[in-house]
**Q** 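Dropping a structure here in structure tokens format, bear with me for questions.
Every chain is numbered from 1, with letters handed out A, B, ... down the list of sequences.
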Amino acid sequence: MPSQASTPRKEAAPVVLKVSGLRKSFGEREALRGVEFEVHRGELLAVVGPNGAGKTTMLGILAGIRPPDAGRVETPSGEVGWVPQQAALYRRLTVGENLRLFARLEKVEAPDAAVERMLEQTGLAERRDDQVAELSGGNQQRINIAIGLLADPAVLLLDEPSAGLDPGQRIRLWEFVAGLAKRGTTVIYSTHQIEEATHYGDRLLVLADGESLFDGSFEAMRQAAGASGEVTDPEADFVRFLEKQGH
Amino acid sequence: MRWLLLKDLQILRRSPLLTALLVIYPIVLAVLIGFAVSRGPDKPRVAFFNEIELEEASEGLELGAGGFSQDQAFDQLCERVECVDTDSREEAIAKVEDGDVLAALILPRDFLQRLQDQLAGAGLEPASVEVYVNEDDPIKADLVDDRIRSLITEANLVLSDEISAQLLGYLDVLVEGGEFSIPFLGQTIDVLGLERTERILKDVRSEVSGPRREVLDTVIRFAELAGENLSFADELLGSVAEPIAVEKEVVSGDVPPLDTFAIAVAIAITLMFVTTLLVAGSLALEREENTFTRLTRGLVSRAGLLAEKIGLGTICSIAVALVLLVVLELFVSLDWSRFPLFGIAIVLAGAAFAAMGSAIGVAAREVRASALAAFALTLPIAFLSLVPTGTVSEDVYDAIRIVTGAFPFRPALDALSAGLSPAGELPLNLLHLALLTVAYFALARLTLRRFA
């Protein structure tokens, strides 16, 4: 069981996703070893951990891309949206065409209205007729996320959404994601950037070698690592925490 | 699935290179095939130099009542090849070396004399022509060799006919009697002939008696027998001119006309490249653009995605084949009443190539890799499929049939040939294509499970 600490989680809100005893192996290698957690409506959960920790595997299972070997994923509120790490878009289609295609494939009731809503949310309404190949990496990622939101899911999974973006694009992306959470969408995202996790996440889920080591606030994690005082280097605190846990 | 299909067509429309390939490739191929089947092969160019003196040449070859003129032989030669006149032996040889002509044919100065001597029974060495070829290209060398041999054989046949006719004339004189001109001496003598000899002897027989009459009867009998037997020589000499007659009867291998076969090859090759590359590339593009996982995460089943790509390939196959056929119609007259037959062959061939493309596309993660794999796999199979029976050993041919049977090109070619002309087996080849479509679809589905 991961160490728990009091967090600013929105516990009053209903649980929208509950994971219990999640296990997954690839041959001899155990990618996930009994991961457990739950998230509430409108919460921003950052999944952090070193390379090979099992973050992408876990998000893949939550998204329904691959089945777990054991364990359960409960989604009482229904739909889970998924946004892959790299933009999964047709580069020769326009922004509008991409959104409309996926809206139709998602069998959204009013596809055109959903497209307009997403263009509005992403702030890309003026670029609806531009081919995706002509957009910057940041804007591509916004369309990538918008497609994950087309079916109006209760939970949105983002796999390292800021990878490959410049600092300006990152800030705009996280503002967009924070806006989603404010509107009630639960967002679970994986990241390598501890600062992003601490700054934008309501709480952290730390994975290492397929194990869930911690589930709580960044401050609680620092305390568990034996750090005190003002936060000067979140990454150093995180590394210290991992070392203390034997990783 | 229709949204995916529309999306792929939209992407295709926005890919100028691919669209150009889809439109230009069949048109260019159709024009080339059209020219090839409507114009026939060009005659090989052969340089010709005649060393025989003009006066002697105009006289030609003396063959009793008939003759063999050099002009006549030259005209026959130039019906088969494009004759290029030269002024010297050196010029003729130089044209071969420079590649202006495929070969040089030189008639030596003593050609007619030697031939004449030989026919008169006085020749020690046979008459010969000189042929110079440039064998830097084995196919070209074979072609020239075949043409020249064929020409010389024909010339020998013409001479043989003339000699046979002259011999028959001699025999007629011997049997029936008449005037006979002695070659070289220029004298004409009157020959009695066996029949007249027999009649004269029969006339004098009544005036002879005793043992001398018996002797006379023996001579009369000889003249009778000799006359009758020499009459058979007519047929014998006739058969010498053409000892082997050819009676061709097709017992198997209902062969379509050559132009139909050429059209079928053009369509099969076009579909093979365009459809296989298109479908393989389109599937690989789904992975390259990371949309594959997004699509197969519940929006569309993996089998549905494969079926959509095969549908896309089949639609493009039909369009491309129709463009090709319409352009070919400008050169050759197609039997459009057979459209339902070759139409279904096009549809099933397109589906089989598309299914094969899908199997390649799911195995390759990138468009470039899929294109390379598609080329590497289809091109050798197309070459192997065109190996005709009898050109390799039976075992090798059987092995080729088995290997090519596992790919759509050969059944597509056979089905298209059978669809375009009454020759060939259509239902069996259509069934073969349908089975290959199912097999490649299953293979692609299995590969997806392994790689995705």
Side-chain angles (χ1 to χ4, degrees), chain A residues 56-57 59-67 75 78-94 96-108 111 115 129-134 137 140-141 143-151 153 157-161 163-164, chain B residues 1-22 277-279 281-309 311-312 316 361-362 365-368 370-371 448-452:
Chain A
T56 300
T57 303
L59 288 185
I61 290 171
L62 300 186
I65 294 165
R66 53 173 65 94
T75 52
E79 191 73 32
V80 174
W82 174 70
V83 179
Q85 184 177 345
Q86 289 172 323
L89 304 166
Y90 294 106
R91 285 166 179 77
R92 286 192 189 277
L93 296 188
T94 65
E97 286 166 347
N98 265 288
L99 288 168
R100 197 168 295 109
L101 169 70
F102 283 104
R104 282 167 173 158
L105 292 173
E106 293 269 13
K107 296 186 175 62
V108 172
V115 170
D129 295 325
D130 289 355
Q131 284 191 20
V132 166
E134 296 167 5
Q140 285 188 16
Q141 190 60 294
I143 299 299
N144 197 29
I145 294 171
I147 288 171
L149 289 167
L150 274 168
L157 308 170
L158 303 172
D159 189 4
E160 300 196 23
Chain B
M1 197 185 293
R2 76 186 157 119
W3 299 120
L4 279 180
L5 197 58
L6 285 173
K7 176 266 295 178
D8 279 332
L9 291 172
Q10 215 163 12
I11 289 176
L12 206 58
R13 196 162 55 86
R14 290 190 186 149
S15 311
L17 194 67
L18 258 179
T19 312
L21 179 78
L22 284 174
L277 281 170
L278 177 72
V279 174
S282 180
L283 257 169
L285 189 70
E286 298 284 4
R287 295 161 76 94
E288 203 171 89
E289 295 197 323
N290 306 308
T291 47
F292 176 83
T293 315
R294 178 165 257 165
L295 288 175
T296 54
R297 194 195 147 239
L299 300 184
V300 59
S301 68
R302 290 177 180 184
L305 183 62
L306 286 177
E308 183 270 322
K309 297 298 178 193
L312 171 76
C316 290
V362 295
R365 286 181 180 272
E366 296 167 347
V367 176
R368 283 179 190 176
S370 75
L448 261 188
R449 188 177 293 173
R450 183 177 169 76
F451 283 92

**Q** According to side chain to side chain donor-acceptor pair (under 3.5 Å), who are the partners of B:N290, at least two apart in sequence or on a separate chain?
**A**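 Not a single residue meets the side chain to side chain donor-acceptor pair (under 3.5 Å) criterion with B:N290.
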**Q** Mind checking the CZ-CG spacing from A:F102 to B:L299? Nearest 0.5 Å is all I need.
**A** 7.0 Å
**Q** Between B:R297 and A:A63 (side chain of the first, backbone of the second, donor and acceptor by atom type, cut-off under 3.5 Å), is there such a pair?
**A**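 Indeed, once roles are kept as given, a pair shorter than 3.5 Å links the two residues.
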**Q** Using modelled atom types and a 3.5 Å cut-off, is there a donor and acceptor pairing between side-chain atoms of B:Q10 and backbone atoms of A:L93?
**A**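 Checked: no pair found.
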**Q** CG of B:L285 to CZ of A:R92: how many Å apart, nearest 0.5 Å?
**A** 8.0 Å
**Q** Check each atom of A:Q85 against the heavy atoms of chain B and say whether the ones under 4.5 Å are side chain, backbone, both or neither.
**A**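 Neither part; nothing is under 4.5 Å.
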**Q** Pick from A:G148, A:G64, A:A87, A:P84: which one has the most heavy-atom pairs with chain B under 4.5 Å?
**A** A:A87
**Q** Are A:L89 and B:E289 side-chain neighbours, meaning at least one heavy-atom pair lies under 4.5 Å?
**A**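 A:L89 does not reach B:E289 side chain to side chain.
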**Q** Among B:R14, B:R13, B:K7, find the one that has a salt bridge (charged side-chain N to carboxylate O under 4.0 Å, His left out) with A:E97.
**A**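 With A:E97 as partner, B:R14, B:R13, B:K7 yield a single salt bridge (charged side-chain N to carboxylate O under 4.0 Å, His left out), made by B:R14.
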**Q** Looking at A:R91, A:R66, A:K107, which one has more heavy-atom pairs under 4.5 Å with chain B than the rest?
**A** A:R91
**Q** For A:V132, is it the side chain, the backbone, both, or neither that has a heavy atom closer than 4.5 Å to a heavy atom of chain B?
**A**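 When you check distances to chain B, no heavy atom of A:V132 falls under 4.5 Å.
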**Q** What are the two closest non-hydrogen atoms of B:T293 and A:W82, and how far apart are they?
**A** CG2-CH2, 3.7 Å
**Q** Does any backbone or side-chain atom of B:L295 lie under 4.5 Å from a heavy atom of chain A? Answer side chain, backbone, both or neither.
**A**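 Contact with chain A involves the side chain of B:L295 alone.
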**Q** Which pair of non-hydrogen atoms, one from B:R294 and one from A:V83, has the smallest distance, and what is that distance?
**A** NH2-CA, 4.0 Å
